[in-house]
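Everything below concerns the one structure shown next.
When reading the values below, keep in mind they use all heavy atoms of this one structure, side chains included, and skip hydrogens, waters and symmetry mates.
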Amino acid sequence: MKIVNYKWPKSSFLSMEKDTNLIINKMFKNERLKRLLYYTSKDALDRPNLTEDETLELFGKNIKTVPKLYIDGSSLTYIIISFDNFTPNATNPEFRDNIISFDIVCHFEQWQLNDLALRPYKIAAEIDTMFDNKHLTGIGTLQFLGANQIILNDEFAGLSLMYQAVHG
């Protein structure tokens with residue numbers, strides 16, 4: 001006879017790890033986004049594509065899942081991925097719809113790119129192109145909800161992009 005003392009939790013919150021992995025892997029395929037994050041110069045988009053090791057360095061340094069910035073002086077552009085505002089899914093009670101936010105934070109000295117382009121808006125365009133109205137297996141379809149400017153202090157500011165993840 002087997003006595004079951006523990007049941008594994010069954011919650012859609014446990015899918016966040018998988019969802020985060022899907023999002024980051026998609027970001028790692030975007031060469032323009034990686035150059036905008038890695039290179040701090042105005043000509044970031046004209047620089048060479050990142051190596052595999054340089055790409056892997058981005059996670060935890062420039063692309064973050066914990067909403068805390070450690071400013072080290074060498075990394076001045078960040079994307080913080082967060083999940084918020086969970087609500088029951090209308091058609092499948094096993095899932096919860098939620099909002100996925102991409103906070104783009106950039107040092108003011110790094111905002112300006114060539115030809116009057118602004119780094120946070122270029123990064124926002126890359127993220128929006130990758131995720132708006134796109135179906136990600138396991139997450140569902142992401143629908144753009146809006147964007148807000150964020151000003152952290154007299155050195156860092158950026159944009160917060162919000163997408164509704166509709167599981168289905």
Side-chain angles (χ1 to χ4, degrees), residues 13 15-86 97-114 117-165:
F13 290 109
S15 69
M16 285 179 42
E17 179 180 344
K18 178 184 60 68
D19 296 351
T20 302
N21 189 42
L22 287 169
I23 290 168
I24 291 171
N25 282 333
K26 192 161 180 76
M27 288 178 151
F28 278 0
K29 292 177 184 174
N30 186 318
E31 295 299 331
R32 288 182 308 274
L33 177 65
K34 293 188 306 187
R35 289 194 307 261
L36 286 165
L37 292 172
Y38 187 81
Y39 297 113
T40 59
S41 59
K42 289 183 177 188
D43 66 344
L45 291 171
D46 299 326
R47 305 289 298 266
N49 287 344
L50 275 60
T51 65
E52 187 175 333
D53 288 340
E54 290 169 334
T55 296
L56 292 175
E57 278 180 35
L58 292 175
F59 182 71
K61 186 174 180 183
N62 299 85
I63 299 174
K64 298 176 166 288
T65 56
V66 176
K68 181 169 176 110
L69 291 179
Y70 293 100
I71 309 300
D72 67 1
S74 64
S75 184
L76 301 174
T77 303
Y78 309 91
I79 297 174
I80 302 165
I81 304 166
S82 57
F83 299 81
D84 197 10
N85 199 25
F86 290 85
D97 296 337
N98 63 291
I99 294 175
I100 301 174
S101 297
F102 299 92
D103 293 335
I104 303 159
V105 178
C106 186
H107 193 278
F108 282 122
E109 290 180 10
Q110 306 306 319
W111 271 56
Q112 189 69 50
L113 295 169
N114 291 334
L118 299 175
R119 188 180 306 264
Y121 290 91
K122 283 282 194 183
I123 292 171
E126 294 297 330
I127 291 171
D128 194 52
T129 299
M130 287 187 295
F131 296 111
D132 185 33
N133 288 318
K134 301 295 190 295
H135 180 83
L136 299 178
T137 303
I139 298 178
T141 303
L142 299 183
Q143 298 170 345
F144 180 73
L145 288 179
N148 294 310
Q149 186 178 52
I150 51 176
I151 300 173
L152 297 181
N153 57 31
D154 61 345
E155 293 185 45
F156 289 89
L159 297 169
S160 180
L161 304 178
M162 294 163 287
Y163 294 85
Q164 177 74 42

Give a yes or no on whether the backbone of [Y] and the side-chain of [X] come within a donor-acceptor separation of less than 3.5 Å.
| X | Y | answer |
| --- | --- | --- |
| E54 | T51 | yes |
| K64 | G60 | yes |
| R32 | L45 | no |
| R119 | H107 | no |
| Y39 | P48 | yes |
| N25 | N21 | yes |
| W111 | C106 | yes |

- Task: Go through F131 and L161 one step at a time and tell me if the side-chain contact (heavy atoms from CB on, under 4.5 Å) criterion holds.
- Result: CA-CA 11 Å; F131 296 111; L161 304 178; over 6 Å; no
Are [X] and [Y] side-chain neighbours, meaning at least one heavy-atom pair lies under 4.5 Å?
| X | Y | answer |
| --- | --- | --- |
| E109 | L76 | no |
| F102 | I123 | no |
| F156 | I150 | no |
| F108 | D154 | no |
| N148 | M162 | yes |
| L58 | I24 | no |
| L37 | L50 | no |
| E31 | R35 | yes |

Of the non-hydrogen atoms in [X] and [Y], which two are nearest, and what is the gap between them?
| X | Y | value |
| --- | --- | --- |
| Q110 | S41 | OE1-N, 4.3 Å |
| I127 | I79 | CD1-CD1, 3.8 Å |
| L159 | A124 | CD1-CB, 3.8 Å |
| S160 | S101 | OG-CB, 4.4 Å |
| T129 | K134 | O-NZ, 3.2 Å |
| D84 | N98 | O-CB, 3.5 Å |

- Query: Taking everything shown except K34 itself, do over 12 heavy atoms lie less than 6.0 Å from its NZ?
  - Reply: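 Counting other residues, nucleotides and ligands, NZ of K34 exceeds 12 neighbours.
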- Message: Would I100 and I81 count as a side-chain contact (heavy atoms from CB on, under 4.5 Å) here? Give the steps.
- Response: CA-CA 7 Å; I100 301 174; I81 304 166; 4.3 Å; yes
- Message: For a side-chain contact (heavy atoms from CB on, under 4.5 Å) check, start with the C-alpha distance between L118 and Q112, then their side-chain angles and the critical distance, and finish with the verdict.
- Response: CA-CA 5 Å; L118 299 175; Q112 189 69 50; 3.9 Å; yes
- Message: Is it the case that the side chains of D103 and Y78 hold a donor-acceptor pair, with the cut-off being a distance below 3.5 Å and no angle test?
- Response: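 Not at all, the side chains of Y78 and D103 share no donor-acceptor pair under 3.5 Å.
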- CZ on F59 to OG1 on T20, rounded to 0.5 Å: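 Separation between the atoms: 8.0 Å.
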- Query: To the nearest 0.5 Å, how far apart are CD1 in I23 and CZ in F83?
  - Reply: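 That separation rounds to 4.0 Å.
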